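Working notes, beginning with the structure itself.
Computed from a prediction, not measured in an experiment: that's the story for all the values here.
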Amino acid sequence: MSKREKKMVEKRPKKIKTRKPTESTIAGRIETAINRIVVSLLVILGVIALVCIYVTTKNRVEEDFAAMSKLAADRVSKEIDTMKMSAYEIGCNQMFSSYSVSNADITEVLEQKKETYGFQDFGYITPDGVDLISGASTSTDSVEMALAGETYISEPVKGEDGSFTSYLSAPVWKHGVPGNDVIAAIVFYTDNTFLNNIVADIHISKSSYAYMVDKNDNVIADPTGELVNSQFNPIALAETDSSYKSLAKVHEKMIAGESGFSSFKRNGTYFVAYAPVEGTEWSVAVIANRNDFFGGIVISSIFVVLVVAAGILVSSRMSKKVAKKISDPLVAVGERLDKMSAGDLHSEFEVNDDLKEVKVLTDSTKKHIKSLTALINDISVVLEKLSDGDFTAFTEIPEAYVGDFEGLLIPIESLKETLSETIKEIQDTAGLVMNGSSQLAGGAQSLAEGAVTQTEELDELRRTIDKVKALVKESTDATRVSVQKMEGIKDVTAESTEEMSEMTDAMKRISETSQEIANIVSGIEEIAAETNLLSLNASIEAARAGEAGRGFAVVAEEIRKLAENSAQSAVGAKALVDAAVAEVERGSGIADKTAESLGKVIDGIDLIREEVANTATYADKQASAIEDIIDGVQQIAGITESNSAAAEETSATSEELSAQATGLNNLVEKFIIE
């Protein structure tokens, strides 16, 4: 037994397990298709039947309701017309125009009408509003309408006792001729039962009922009187209770005088038909529960469902029989294909091929199994040689690879060529790797040595930068000291400027005082001149006096001499004061110039201080930059050390790679290639 046959025996399963179709099967699909068709047809027919029943019933209900509402409105209108006519006939009675008619006669006639129509009371109102029957004054809408020539019936009015009363009024014509003057008004009073009795007789189903509303949507008549007494008003109720909204819409149409058919929901679904009462502002509504009319639809629906269910049951049984006859042979073929997919290409199988299509399927399956067997055996041979390293193997039956099977042969040949080329490239690459790894090892060693040298140079550079950093720090400290000293000089100069300013102020005061002294000296000169003039006058007068004025002349002479001396002294003092004032002004000018020079010195000191401060700031920035340089040098040193270590590792790896390349070359030499 060959190696290939041994592998096939080892891979062949000992027991073939068949898989039953549990998901989608032909039988299931046939059965489902038949059932779907039958069910669809039955359901469609049932739905059509129900729709026809529903539409017919709904149309009949709408027609009946519309007719009933109109009949109810006509009946109410006729009843009211009958009552109006009876009152109108009384108004046309000539006896009421006779001057001889008494109140008793009028009361007798009206009493007969009251008994005939079941009125509660009556009145005979004159144009001045006095009731001849009761003697009371009366003024109502009914009376006003009758006095205006109209026959009128009012809406029910709620009295103080809670009961509702309607007023039927008619005009009493003069001489009993309509169109003449109205001489009085006849009014009949009745309770609300006559309207309730009218709508109580209106029925269209067992739960139906009718009621009337006025123009303000107030119920004025219903079979029991309950709605009237509760003053039922759906439009007003809908504002606070949303369940009345649909009914309120119907009432809006009713008070608008419309007629029609609709439905609303409140504790169930109800049909409603409505129509206006001719000759009034009233409207009649007829309401009934929808179930009264659609109960037959439920029974019809149940019957249709039963028919559909019976049809589905019969079609299900028939579809199973048909599907079994078709699916059994196909299942047998499917089980054989399951065995083939499990690796069994040798077992035979028998199929009932009474059907032509099944026989064609069986023959095709056998032919397919035979072809697959030949292909698998051939592929196994080729792959076995390839697994042994022989890449010169080729198929022995190339003619079997036809059609889509040709796609199996092409990949095998492509795989063989690709592997051959790959192995050749591996051999060539292994040699290149060996040479390259040797060169890489040498380069890595040189790189490691250069990295060591670079590390030493970086250490020397770092020490130099540290020295520069120290010098910059000393320069910065000295600059800061200079700034502090300049601040002191500035303060002293500022103090000198202030003192110079004070001295200037003092010299100005001295100049002012000297000016005052000069003024005083001028006054002394004037006094001396006047004194000299007085002494001259005195001498003249003494000379005139002769011997008697001699003594007075001596005194005048002395005074003259004293005045001359005073004048000379004043001149000398004035000269000295003028010289002092001039010197003071000159000194004040010098002091001002000195103060100005000191201000410029202070400004110069400020500029120098700012420049020195900027120099200190730049020195700080230089120190910070040197710190950054030191950090960068340290990082470069770290990277250089890493590069050195990586270079050493690369060198070791290159040597190992060279050894692996040699081993790889030895391995690929074992393959046989073209």
Side-chain angles (χ1 to χ4, degrees), residues 58-88 141-142 145-146 148 150-158 164-170 190-205 208-238 244-264 266 270-288:
K58 188 174 184 298
N59 292 335
R60 182 65 179 274
V61 169
E62 290 183 7
E63 293 174 358
D64 292 346
F65 261 75
M68 180 58 70
S69 64
K70 291 181 179 180
L71 289 174
D74 292 341
R75 180 178 176 182
V76 173
S77 179
K78 289 179 180 178
E79 292 284 348
I80 293 174
D81 288 343
T82 300
M83 296 179 67
K84 286 183 177 180
M85 185 58 66
S86 65
Y88 182 79
D141 292 341
S142 300
M145 293 293 290
E150 297 289 337
T151 303
Y152 178 76
I153 184 169
S154 70
E155 300 172 357
V157 179
K158 190 174 184 180
F164 287 85
T165 303
S166 296
Y167 301 93
L168 175 63
S169 62
T190 179
D191 59 14
N192 205 39
T193 55
F194 87 97
L195 291 177
N196 292 344
N197 293 336
I198 293 174
V199 298
D201 294 335
I202 300 173
H203 292 285
I204 195 170
S205 67
S208 66
Y209 63 94
Y211 62 87
M212 287 194 300
V213 298
D214 61 11
K215 62 182 179 180
N216 296 319
D217 196 38
N218 294 315
V219 177
I220 59 176
D222 69 282
T224 62
E226 181 179 355
L227 298 179
V228 176
N229 293 330
S230 63
Q231 295 183 337
F232 182 67
N233 190 319
I235 295 177
L237 293 172
Y244 285 100
K245 286 186 177 180
S246 56
L247 182 57
K249 292 180 180 179
V250 175
H251 275 236
E252 289 174 357
K253 295 179 180 179
M254 291 174 64
I255 63 178
E258 299 179 11
S259 61
F261 174 83
S262 184
S263 63
F264 66 92
R266 176 169 169 77
Y270 295 87
F271 291 139
V272 56
Y274 48 92
V277 178
E278 186 177 356
T280 68
E281 294 181 342
W282 304 342
S283 184
V284 176
V286 181
I287 294 178

Residues, nucleotides or ligands: over 12 heavy atoms within 6.0 Å of E258 CD: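 It does: E258 CD has more than 12 such atoms within range.
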Would you say that [X] contacts [Y] through its side chain, given a criterion of any heavy-atom pair below 4.5 Å between the two side chains?
| X | Y | result |
| --- | --- | --- |
| E281 | I255 | no |
| F232 | L237 | yes |
| Y209 | I287 | yes |
| V199 | M212 | yes |
| V272 | F264 | yes |
| K84 | I80 | yes |
| T224 | N229 | no |

Results of side-chain contact (heavy atoms from CB on, under 4.5 Å) for A275 - residues two or more places apart only: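 Residues passing side-chain contact (heavy atoms from CB on, under 4.5 Å) with A275: S69, K70, A73, S259.
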Heavy atoms only: give me the nearest [X]-[Y] pair and the separation to one decimal.
| X | Y | answer |
| --- | --- | --- |
| N196 | I220 | OD1-O, 4.4 Å |
| G257 | P276 | O-CG, 3.5 Å |
| F261 | Y274 | N-CE2, 4.1 Å |
| S169 | S142 | OG-O, 2.8 Å |
| V228 | A221 | CG2-N, 3.4 Å |

Using residues 246-254 as the side-chain source, report each donor-acceptor pair under 3.5 Å to any protein atom, sequence neighbours left out, with the distance given to one decimal.
| residue | atom | partner | partner atom | Å |
| --- | --- | --- | --- | --- |
| S246 | OG | K265 | N | 3.4 |
| H251 | ND1 | D217 | OD1 | 2.4 |
| H251 | NE2 | Y211 | OH | 2.7 |

Pairwise distance [atom1]([X]) to [atom2]([Y]) - rounded to 0.5 angstrom:
| X | Y | atom1 | atom2 | value |
| --- | --- | --- | --- | --- |
| E79 | D201 | CD | CG | 9.0 Å |
| E278 | K78 | CD | NZ | 10.0 Å |
| M145 | T151 | CE | OG1 | 9.5 Å |
| S77 | W282 | OG | CH2 | 10.0 Å |

Just do the side-chain contact (heavy atoms from CB on, under 4.5 Å) check on V286 and I202 with the steps written out, would you? CA-CA 8 Å; V286 181; I202 300 173; 4.1 Å; yes
Side chain D81, main chain G279, donor-acceptor under 3.5 Å: no
Any side-chain to backbone donor/acceptor pair from N216 onto N218? Under 3.5 Å, distance only. no
